Amino acid sequence: ALHHLPPNFLYLSGNLAITRSKYGKMATLLDDAYVGQYVRSIGEWEDCIVSLLSLFLRPRDIVWEGGSHIGSHTVPLAKLVGAGGGGRVHTFEAHPK
């Protein structure tokens with residue numbers, strides 16, 4: 001699996017990799033062949049969804065995200081609404097691993 005590691009890795013321990021993504025540092029699991037692999041490869045996942053939501057979200061908005069998985073949408077959504085500065089993103093994952 002190590003031959004699939006791009007140069008943007010910051011930390012690797014067991015099955016966990018900390019990666020520089022388009023929106024900041026993200027933790028991914030190396031056995032995640034879909035979202036995690038995509039984030040490790042190109043630094044984002046379904047960025048078109050974040051782009052669409054950015055048309056509607058404003059600082060200090062409150063967002064409820066269902067199916068947050070590893071936070072590939074949570075992190076950019078928090079940046080859009082200013083989490084920590086009045087905005088909030090509440091997430092849940094119905095199928096935690």
Side-chain angles (χ1 to χ4, degrees):
L2 292 180
H3 62 282
H4 295 293
L5 299 180
N8 59 348
F9 272 79
L10 301 173
Y11 176 75
L12 178 66
S13 176
N15 193 36
L16 177 68
I18 305 299
T19 307
R20 282 188 196 95
S21 77
K22 180 177 178 178
Y23 298 102
K25 296 175 188 170
M26 294 196 68
T28 64
L29 297 174
L30 294 177
D31 63 355
D32 180 353
Y34 299 101
V35 179
Q37 178 64 32
Y38 210 81
V39 170
R40 288 189 301 276
S41 297
I42 66 167
E44 51 92 355
W45 169 256
E46 295 180 335
D47 205 38
C48 58
I49 293 173
V50 175
S51 295
L52 176 66
L53 291 174
S54 72
L55 299 174
F56 303 99
L57 295 174
R58 299 290 173 250
R60 302 181 59 84
D61 279 353
I62 297 173
V63 177
W64 290 87
E65 178 190 8
S68 57
H69 192 54
I70 64 170
S72 56
H73 293 138
T74 308
V75 172
L77 291 175
K79 289 180 182 279
L80 285 171
V81 300
R88 296 286 182 259
V89 179
H90 300 277
T91 68
F92 71 91
E93 175 54 51
H95 186 45
K97 184 176 179 181

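What you see is a predicted model, and the numbers here were worked out from it, not measured in a lab. Values reported hereafter were calculated over all heavy atoms of this structure, with side chains retained and with hydrogens, waters and symmetry mates removed. Nothing fancy with the numbering, it's 1 onward along the sequence.
Residue Lys22 holds its NZ atom at 12.5 Å from OG of Ser72, rounded to the nearest 0.5 Å. Expressed to the nearest 0.5 Å, how far CH2 of Trp45 lies from CG of Asp32 amounts to 8.5 Å. To the nearest 0.5 Å, the span separating CZ on Arg60 from CZ on Arg88 amounts to 9.0 Å. Taking CG of Leu57 as the reference point, atom NZ of Lys79 lies at 15.0 Å (rounded to 0.5 Å).
Between Ala27 and Leu16, the shortest heavy-atom contact is CB-CD1, 3.8 Å. Across every non-hydrogen atom of Arg40 and Ala17, the tightest pair is CD-CB, 4.4 Å. The two residues Ile70 and Met26 make their nearest non-hydrogen contact at O-CE, 3.7 Å.
There is a path of hydrophobic side-chain contacts, each under 4.5 Å, that joins Val63 to Val50. Leu80 and Ile49 fall within the same hydrophobic cluster, where Ile, Leu, Val, Met, Phe, Trp and Tyr residues are linked whenever their side-chain heavy atoms come under 4.5 Å apart, directly or through other members. Hydrophobic clustering of Ile, Leu, Val, Met, Phe, Trp and Tyr side chains at less than 4.5 Å, counting indirect connections, unites Val81 with Leu53. Ile42 and Val35 fall within a single hydrophobic cluster, where Ile, Leu, Val, Met, Phe, Trp and Tyr are joined by side-chain heavy atoms under 4.5 Å apart, directly or via other members.
Side chain of Ser41 to main chain of Tyr38: no donor-acceptor pair is present (N/O by atom type, distance under 3.5 Å, no hydrogens or angles). Between the side chain of Asp31 and the main chain of Asn15, no donor-acceptor pair closer than 3.5 Å is present. Without hydrogens or angle criteria, Asp61 side chain to Arg58 main chain gives a donor-acceptor distance under 3.5 Å. Of the possible donor and acceptor atoms, none in the side chain of Thr19 sits under 3.5 Å from a partner among the backbone N and O of Ser21.
Here the side chains of Tyr23 and Asp47 are in contact, with some heavy-atom distance below 4.5 Å.
Screening His90, His73, Glu93 against Ser68 for a side chain to side chain contact (heavy atoms under 4.5 Å, CB included) leaves a single residue, Glu93.
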